[in-house]
Amino acid sequence: MGLLGGIKNMLTKAAIKYLNIYPAQDKVITIKEPLSFQGNVLKNRIWYRGDPSELDQFFKQSAQDLVSQSRFWAAVPSENLNIRKIHSGLPAMIVERLSDIVTEDIENIDLQEQQLNDLWTEISQDNNFTKLVGESIVETLVTGDGAFKVSIDTDISPYPIIEFYGGENVDYTVKRGRVQEVLFYVSYTVNNKDYSLQETYGKGYIKYKLFGSDGAEVPLNTIPDTADLKDITFDGNFMMAVPLMFFKSQKFDNRGKSIFDSKSDSFDALDEVISQWIDAIRDGRVVKYIPEDLIPKNPDTGELLKPNSFDNKFVKIGSSLAEDAKNQIDMKQAAINYEAYVNSYSSALDVCLQGIISPATLGIDLKKTDNAEAQREKEKTTLYTRSKLIDALQKILPRLIEIVLQVNDLVHETVPKEYKATINFGEYASPSFDTIVDTVGKAKNYGIMSVEQSIEEMYGEDWTDEEKALEVQRIKEQSGIMTVDEPATNTDVTPDETLQNGE
């Protein structure tokens, strides 16, 4: 073995010595994106709208590559064959539930002064702020990003007007990762001609431009709706606009990512499973095999009635002339593997929801045998997504409120002041009272939690500080823990003086 091993080593070294390795050559690989940013936003909005007819039309018209053409919604059935395509409605349910669980947990907005709090309450009610925030969350999750626009129109409201524009109607001027301008686009149709108004919101100014259908700029007075618009400047180093983004897009620079971007194929697969399931149920109906002479006839014309898929489905068979033939109606029904369809549906549904939201949040597959702890475990994915949304809103909404108050100063022709706003969100899927009692009770018995902290954990913000302090006192008294003031001692009196006073 020693000699054989030595020979192998010599041969290996010789091979390496004379081995000439050429480095790999770089190749140019061309990849064509199937959709532009506007096309991608349109696709996501079609998913959110959830109309099967719109989905069918969009995917058939946008399928330019083999992958797109193989999708269920882009499939073209054979001649004389109809495929019932059904949409689950899941995309809309996802974004609307996420919006609900965020907006419903907005507890309070504080501006540090009661007068400012009262002013914001009036402005908030005038703009229906909570509803606007909910709509902005939906728009941002669907289109990827968007922006709040603050404007002044005293003919409509004495307060600043807050609006939100989705991703297809905004653009940004970005320098070194910082947004310098927000561009809003508003479409108009006048005399069968399309126009687009570009509103550029920058720090201390607003500029307007009007473009025709060919993209060329035209005067603002071309249409009545923009005839009175003029570029304006205002005091203050701030924009009357606030961008909103939850996830950053890896395909489009400085743009947001829709929550549907990585789930389009999953939604398509789920709809295919549901459609096949319903189609199998339809095909699995009872079929009647009727001899021709027994087929129902039209009482007026005597013509044989044609079968349909619902109330009169049958197959015509010829009459037999055999001696023992019996002209009778036979009924048969196909066996449907319901379990296989249910499993396919569950698997496709799981893929659609992975990383976004828990099925329990949507009321899906929530077993009656689950206890409260098991249900909260299923909500963890929802908690992660909710936390991501709240982190963004806790930065954006206070800044929006501060800008609205500064714009309100401009309405009253005063120099915009500096404001400081804070917003608090409550907890989602918090433990039940019984669970809190059990957890806090164990910690208290183990001696790792004080009476004061246990009351704080139990009642939190539901009780005032006075109520908590009174409860702590009651518990201590009932437990025999009495707080007694120490007896006072007079250190200024000498022992001789004490004896003279008879003390």
Side-chain angles (χ1 to χ4, degrees), residues 98-99 102-113 115-153 156-167 169-174 178-184 199-206 234-247 254 256 386 388-412 414 416-426:
L98 288 173
S99 176
V102 171
T103 54
E104 289 177 0
D105 288 338
I106 297 178
E107 289 188 340
N108 68 298
I109 297 172
D110 185 28
L111 290 158
Q112 301 179 348
E113 296 181 17
Q115 184 178 359
L116 293 178
N117 288 332
D118 295 339
L119 174 61
W120 170 248
T121 299
E122 295 176 3
I123 296 176
S124 174
Q125 292 175 350
D126 184 68
N127 286 276
N128 203 347
F129 186 71
T130 302
K131 180 181 179 182
L132 178 65
V133 171
E135 293 173 351
S136 68
I137 295 173
V138 170
E139 285 289 305
T140 305
L141 290 174
V142 172
T143 64
D145 57 52
F148 292 97
K149 183 177 78 172
V150 184
S151 56
I152 300 172
D153 191 341
I156 297 177
S157 172
Y159 301 108
I161 298 175
I162 312 172
E163 300 172 278
F164 187 83
Y165 286 69
N169 296 318
V170 297
D171 202 353
Y172 312 98
T173 301
V174 182
R178 274 75 171 175
V179 176
Q180 304 298 314
E181 295 176 330
V182 179
L183 286 67
F184 296 95
E199 302 175 279
T200 304
Y201 278 57
K203 295 182 178 180
Y205 64 87
I206 301 176
F234 53 86
D235 296 331
N237 187 29
F238 65 91
M239 289 189 299
M240 295 169 63
V242 182
L244 178 60
M245 179 193 304
F246 297 130
F247 312 100
N254 302 317
R386 175 183 177 274
K388 184 75 173 180
L389 305 186
I390 288 179
D391 287 344
L393 293 174
Q394 285 182 324
K395 298 175 182 178
I396 298 301
L397 294 184
R399 181 56 184 157
L400 173 63
I401 295 168
E402 294 163 7
I403 290 176
V404 170
L405 294 178
Q406 290 178 315
V407 174
N408 187 68
D409 290 337
L410 295 175
V411 173
H412 294 85
T414 60
K417 305 180 184 66
E418 294 295 329
Y419 298 96
K420 181 64 176 178
T422 57
I423 183 170
N424 296 322
F425 289 85

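Quantities reported herein were computed from a predicted structural model and do not represent experimental measurements.
- Between the side chain of T173 and the main chain of Q180, no donor-acceptor pair closer than 3.5 Å is present.
- Taken to the nearest 0.5 Å, the CZ atom of F148 stands 13.5 Å off from the CE atom of M239.
- Legend: residues meeting side chain to side chain contact (heavy atoms under 4.5 Å, CB included) with Q125, ordered by chain and number and at least two apart, are T121.
- Taken to the nearest 0.5 Å, the OG atom of S99 stands 12.5 Å off from the CZ atom of R386.
- Within the structure, salt bridge (charged side-chain N to carboxylate O under 4.0 Å, His left out) contacts touching residues 116-136 (residues at least two apart or in different chains) do not occur.
- The nearest pair of heavy atoms linking I423 to P398 is CG2-CG, 3.7 Å.
- Annotation: the span from F184 atom CZ to E163 atom CD amounts to 9.0 Å, rounded to 0.5 Å.
- Of the listed residues (D391, V133, L244), just one forms a side chain to side chain contact (heavy atoms under 4.5 Å, CB included) with I396, and that residue is L244.
- Applying the side-chain hydrogen bond (donor to acceptor under 3.5 Å, both in side chains) test to D110 and every residue at least two apart in sequence or in another chain returns N117.
- Considering every non-hydrogen atom in both T103 and T130, the closest pair reads CG2-O, 4.1 Å.
- For the pair M245 and F247, the tightest heavy-atom approach, listed with the atom from each and the gap, is CG-O, 3.5 Å.
- At a threshold of 4.5 Å between non-hydrogen side-chain atoms, the residues V182 and Y165 do not count as touching.
- By the side-chain hydrogen bond (donor to acceptor under 3.5 Å, both in side chains) test, T414 pairs with no residue at all, sequence neighbours left out.
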Going by atom type alone, with no hydrogens or angles, which donor-acceptor pairs under 3.5 Å involve a side-chain atom of residues 137-147 and a protein atom two or more places apart or on another chain?
residue: E139; atom: OE1; partner: R45; partner atom: NH2; Å: 2.8
residue: E139; atom: OE2; partner: R45; partner atom: NH1; Å: 3.3
residue: T140; atom: OG1; partner: S136; partner atom: O; Å: 2.7
residue: T143; atom: OG1; partner: E139; partner atom: O; Å: 2.7
residue: T143; atom: OG1; partner: D145; partner atom: O; Å: 2.9
residue: T143; atom: OG1; partner: G167; partner atom: N; Å: 3.0
residue: D145; atom: OD1; partner: Y172; partner atom: OH; Å: 3.3
residue: D145; atom: OD1; partner: R255; partner atom: NH2; Å: 2.9
residue: D145; atom: OD2; partner: R255; partner atom: NE; Å: 3.0
residue: D145; atom: OD2; partner: G256; partner atom: N; Å: 2.7

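- Interatomic distance, CG of L119 versus CG of L111, reported as 8.5 Å (0.5 Å rounding).
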Evaluate side-chain contact (heavy atoms from CB on, under 4.5 Å) for L397 paired with F129, printing each intermediate quantity in order. CA-CA 10 Å; L397 294 184; F129 186 71; 4.1 Å; yes

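- Between the CD1 atom in I162 and the OG atom in S124 there is a gap of 7.5 Å [rounded to 0.5 Å].
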Donor-acceptor contacts under 3.5 Å from residues 399-410 side chains, at least two apart:
residue: E402; atom: OE2; partner: A421; partner atom: N; Å: 3.2
residue: Q406; atom: NE2; partner: K417; partner atom: O; Å: 3.1
residue: D409; atom: OD1; partner: Y419; partner atom: OH; Å: 3.1
residue: D409; atom: OD2; partner: K417; partner atom: N; Å: 3.1
residue: D409; atom: OD2; partner: Y419; partner atom: OH; Å: 2.7

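- How far CZ of F425 is from CG of L393: 5.0 Å, rounded to the nearest 0.5 Å.
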